[in-house]
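What follows is a single structure, written as structure tokens, with notes after it.
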Amino acid sequence: QVQLVESGGGSVQTGGSLRLSCAASGRSFSNYVMGWFRQAPGKEREFVARIIWSGGSTYYADSVKGRFTISRDNAKNTVYLQMNSLKPEDTAVYYCASNRGRVLALRPQMYDYWGQGTQVTVSS
């Protein structure tokens with residue numbers, strides 16, 4: 001059974017930083033794509049970033065490019081989202097997700113497994 005467990009959310013001021021973690025378990029993820037999504041109140045869930053577990057290729061939404069960095073630690077089976085220069089519009093619940101190798105997938109519907117989410121709040 002695949003499990004994804006996020007941690008690292010919290011409250012920061014504009015310009016601050018947070019690092020989210022997603023601990024993955026239940027299978028080998030070597031052929032998987034790991035993604036981060038976020039959902040603000042009253043809005044749809046949106047793509048933030050993704051990494052191909054094998055090889056480490058990354059892709060970002062334009063809104064976070066240059067500020068967020070996705071990475072993975074193979075030994076710990078953990079994916080990270082380093083978030084710098086945070087803005088109030090980054091406030092949302094952040095979700096870790098994975099899919100079985102669909103590297104072009106940006107829609108939530110294309111991801112198979114989800115974590116429970118972690119709240120990020122950025123105040124001005």
Side-chain angles (χ1 to χ4, degrees):
Q1 173 117 3
V2 173
Q3 272 199 314
L4 304 175
V5 180
E6 303 100 332
S7 60
S11 297
V12 296
Q13 292 190 324
T14 298
S17 298
L18 283 173
R19 188 177 80 157
L20 306 182
S21 300
C22 172
S25 63
R27 63 157 296 120
S28 168
F29 290 88
S30 58
N31 295 321
Y32 275 54
V33 174
M34 306 297 295
W36 285 98
F37 288 76
R38 65 186 181 187
Q39 188 166 18
K43 294 190 176 182
E44 293 188 350
R45 192 168 298 189
E46 66 173 1
F47 170 82
V48 175
R50 72 99 173 107
I51 187 167
I52 301 174
W53 197 282
S54 175
S57 172
T58 59
Y59 185 80
Y60 298 91
D62 287 344
S63 58
V64 306
K65 203 174 294 182
R67 300 188 298 123
F68 291 11
T69 303
I70 188 172
S71 62
R72 88 268 191 249
D73 184 324
N74 290 338
K76 295 183 179 180
N77 245 25
T78 299
V79 176
Y80 302 100
L81 185 68
Q82 177 66 45
M83 306 185 295
N84 299 328
S85 302
L86 283 161
K87 306 174 182 180
E89 50 264 43
D90 294 318
T91 295
V93 177
Y94 282 71
Y95 297 90
C96 176
S98 67
N99 75 55
R100 302 183 193 95
R102 291 185 285 273
V103 300
L104 300 180
L106 301 182
R107 294 182 295 138
Q109 298 88 335
M110 301 302 293
Y111 281 74
D112 305 302
Y113 303 103
W114 291 85
Q116 82 287 352
T118 185
Q119 177 71 45
V120 171
T121 303
V122 185
S123 58
S124 57

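The basis for the numbers below is simple: all heavy atoms, side chains too, and nothing from hydrogens, waters or symmetry mates. This is a predicted model, so every value here is computed, not measured.
Judged as a salt bridge (Lys or Arg N to Asp or Glu O under 4.0 Å), not a single pair has a partner in residues 115-124 (not counting sequence neighbours). Applying the disulfide (SG to SG under 2.5 Å) test to residues at least two apart or on different chains, the pairs with a partner in residues 15-102 are C22-C96. Screening residues 50-95 for disulfide (SG to SG under 2.5 Å), with sequence neighbours left out, gives no hits. Counting only residues at least two apart or on different chains, no salt bridge (Lys or Arg N to Asp or Glu O under 4.0 Å) pair has a member in residues 11-23. Evaluation of the salt bridge (Lys or Arg N to Asp or Glu O under 4.0 Å) test over residues 49-63, restricted to residues two or more places apart or in two chains, returns D62-K65. Judged as a salt bridge (Lys or Arg N to Asp or Glu O under 4.0 Å), not a single pair has a partner in residues 23-37 (not counting sequence neighbours). Pairs of residues two or more places apart, or lying in two chains, never qualify as disulfide (SG to SG under 2.5 Å) while including a residue from residues 52-95.
Remark: Y111 pairs with F37 by the ring-ring contact (aromatic ring centres under 6.0 Å, His included) rule, at least two apart or across chains. The side-chain contact (heavy atoms from CB on, under 4.5 Å) search around S28 returns S30, not counting sequence neighbours. By the side chain to side chain donor-acceptor pair (under 3.5 Å) test, D90 is found to be paired with R38, R67, residues two or more places apart in sequence or in another chain being considered. With sequence neighbours left out, N31 forms a side-chain contact (heavy atoms from CB on, under 4.5 Å) with no residue at all.
Counting all heavy atoms, side chain and backbone alike, E6 lies closest to Y95 at OE2-CA, 3.3 Å. The shortest non-hydrogen separation linking N99 to A105 is ND2-CB, 3.8 Å. N74 and R72 get closest at one heavy-atom pair: OD1-CG, 3.5 Å. Of all non-hydrogen atoms in N84 and S17, the two that sit nearest each other are OD1-OG, 2.9 Å.
Residues S25 and N77 form no side-chain contact, since every pair of their non-hydrogen atoms from C-beta on lies 4.5 Å or further apart.
Hydrophobic cluster membership of V120, counting Ile, Leu, Val, Met, Phe, Trp and Tyr whose side-chain heavy atoms lie under 4.5 Å apart directly or via other members: V2, L4, V12, L18, L20, F29, Y32, M34, W36, V48, I51, W53, Y60, V64, F68, I70, V79, L81, M83, L86, Y94, Y113, V122.
Here the CZ-CD distance, from R45 to Q109, works out to 10.0 Å after rounding to the nearest 0.5 Å. Taking CD of E89 as the start and OG1 of T14 as the end, the distance is 8.0 Å to the nearest 0.5 Å. Atom CE of M110 is separated from atom CZ of R100 by 11.0 Å, given to the nearest 0.5 angstrom. The structure places CZ of R102 at 11.0 Å from CG of L104, a figure rounded to the nearest 0.5 Å.
More than 12 heavy atoms of other shown residues, nucleotides or ligands fall within 6.0 angstrom of atom CD in Q119.
Remark: the backbone N or O of V5 is not paired with any side-chain donor or acceptor of Q116 at under 3.5 angstrom.
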- Check step by step if side-chain contact (heavy atoms from CB on, under 4.5 Å) holds for Y59 and L106. CA-CA 10 Å; Y59 185 80; L106 301 182; 3.9 Å; yes
